[in-house]
Amino acid sequence: MSSPAATAHPGVRRSAWALALVGALALLAVLSVAFGARVVSPGEVWGGLAGSTDGFGEAAVAKRVPRTALALLAGAALAVSGVVMQGVTRNPLADPGILGVNMGAALAVVVGIAHFGLVSATSFVWVAIAGAAVAALVVYAIASLGPGGFHAGAATPLKLALSGAAVSAALASFISAVVLGRNDIASGVRSWQIGGVGGADFASMAAVAPFLAGGLAISLLAAKALNSLALGDELAAGLGERVGLARGLASLGAIVLAGAVTALTGPIGFVGLVVPHVVRLLIGSDHRWLLPLSALAGAVLLTAADIVGRVVARPAEIDVGIVTALVGAPFFIYIVRRQKVREL
Amino acid sequence: MSTTSSRTRPVAVVAALGAAVVALYLLNLMVGRTFYPLDDVVAVALGADVDGAGFTVGRLRLPRASLGLVAGAAFGLAGVCFQTLLRNPLASPDVIGISAGASTAAVLGIVFFGLSGASVAGLAVAAALVVAAAIYALSSRGGATGTRLILIGIGVAAMLESLTTYVLSKAGAWDLQEAMRWLTGSLNGVGWEQVVPVAVALGILGPLLLAQAGPLSMLALGEDTAAGLGVAVGRTRLLLVLAAVGLVAFATAAAGPIAFVAFLSGPIAGGLVGHGRSLLLPAALVGAVLVLGADFAGQNAFATRYPVGIVTGVVGAPYLVYLIMRSNRTGAM
């Protein structure tokens, strides 16, 4: 990837990065289908894509195509969700994982599986979104609510990260408590809970797709409002933005995205944290560009992480949620180190 | 509060906590699927062979309750030591990733290298020290500040926990109860071989820490003040950190990172004893009370038996929430 000259016109620069990301994505999609426990030849890739499952290679391809599609979708959705959360809270550490949103969705789904007989992403996407919403509201409220009342500005990165960690820890305990009583569902829940794209199938993706599309549309439409919010609530109001409404709508988009993805993949952390920061470094903080390019970069990151997870421990696989945590946590530390103490 | 009562209060609190520890310990020995009366339990504990109670109490409940006692005390001591030293209630070893480091190392050693017993504890101690040093080094740029150290610790903990999850998922036979030990802490299936290293560590490092109570309370006033009062700041701090990390690591290698015990014990002890007193001994007792009480509840209060870490996790998180909300008023964060 060649870095566009820093002096180039911002529009040119952004378009160049967009093209570069699309190119990287296409390349990774091909690699993701070709690589894994078994490396398949181009002929077998073609055969598998054409629908044949006769050979081992072609069967592997047939399994890897939905997996790749899910990695692309989930990466894009988590990254956009992260951009919106960082924009709405004006907080550099906001991320669906750190804010406990994924854990909220996870607990809701686990309870749904254990007590209400839900079996597939089709049936638990609503539950996941509801759980995500509740967790997001609780975490944000804890971080900004004191005995003195609600202070939107009170949620410093430290408090947000801590209340996310506290709520996540409690939710994780509840998840374990639900699962421990039910040996019949334990193994299914466990593989889902780590966060991975290995079990992808097109039927559940199709069921969740409308939610992803809706969340994405809301988030993209909120781009201008997020730009205003970045200036501060008073300035945004002065610019004619209805601050509360804009915040609420944008948050809704982010929560729907995070909840729907979690229903499909289980909780995957750090994608929503890392991607927006990297993309901001590349193209600046205009949300009209930041949102779509983050979607591309998120898809690139998660697909790459999934390939890495499949290749490094062959023939075993490392779930993508673990790869993103191992890559993302050092990045989290990097952001913390870069921030001025006053802003933490 | 009058001077006399503030002078006698710590003594009364320590006595009450000690009584609570003894009572909970005996209760854990007596109550379970089968109830055994106090005199049977005491007889078994003293080495007599009592029909029926001999196996259940002597082989199952006694090591379990003993590990709960010593691990709880170790977590409590280490937690309050970190919190006092870093002058921040959030800076406990379980929040900033030191327990997670010990846990990850223990799991790695057991699953991938087939270690057991003392070598697991050794590996856990080494890893906890490395994690502590790494967090300190990462946060020290431009002056180590509590806030940055805590956030970096949260990041390190997240990374280590996902590593633990990965290693556990690679373990041959996935046993959820056993996995729980390394994720949230559990006393299930404990034998004396797990209890002894923790007890020895507590027996050596505990008195060592208690003897440093004076210098520690001066360090809590600030390093310059402590130096002015004649404390050898660098050496004392190193000694305290090494002892506290060792306690956490030994306890974690046996019982797993029992959620929030290190974090909760100090503030609870502070609330009971009052300000300006050494919290080391009260916090150790509070830690033991928490673990013994939570394990008792987890074993007996619900239809499913829950490992101790799940109970302390559910109980501890609201306290962290309370701390965050209170800080919104005081502006401490």
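Naming convention: chains lettered A, B, ... in sequence-line order (proteins, then strands); numbering from 1 in each chain. Bear in mind the structure is a predicted one, so any value in this text is a computation, not a measurement.
Between Val314(B) and Phe174(A), some side-chain heavy-atom pair lies under the 4.5 Å cut-off. Looking at heavy atoms from C-beta onward, Thr165(B) lies out of side-chain contact with Asp319(A) at the 4.5 angstrom threshold. Residues Val321(B) and Ser163(A) form no side-chain contact, since every pair of their non-hydrogen atoms from C-beta on lies 4.5 Å or further apart.
Interface remark: of the candidates Ala166(A), Ala177(A), Ala325(A), Ala177(A) forms the most heavy-atom pairs closer than 4.5 Å to chain B.
Residue Val315(B) does not touch chain A at all, counting heavy-atom pairs closer than 4.5 Å. Within the 4.5 angstrom heavy-atom criterion, no atom of Tyr319(B) approaches chain A. With a 4.5 angstrom heavy-atom cutoff, Phe270(A) touches chain B only via side-chain atoms.
Considering every non-hydrogen atom in both Ser162(B) and Leu326(A), the closest pair reads OG-CD2, 3.9 Å. The shortest non-hydrogen separation linking Arg337(A) to Arg148(B) is O-NH2, 3.6 Å. Nearest approach of Ala170(A) to Ala317(B), heavy atoms of both residues: CB-CB, 3.4 Å.
Residue Ile333(A) is tested with Ile154(B), Ile135(B), Ile152(B) for a side-chain contact (heavy atoms from CB on, under 4.5 Å); the sole match is Ile152(B).
The OG atom of Ser173(A) sits 6.0 Å away from atom CD1 of Ile310(B), with the distance rounded to the nearest 0.5 Å. Between the CD1 atom of Ile335(A) and the CG atom of Leu151(B) there is a distance of 11.0 Å, given to the nearest 0.5 Å.
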Indicate every side-chain donor-acceptor pair of residues 101-115 of chain A with a distance under 3.5 Å to a residue at least two apart or in another chain.
from, atom 1, to, atom 2, distance (Å)
Asn102(A), OD1, Thr262(A), OG1, 3.4
Asn102(A), ND2, Ile268(A), O, 2.9

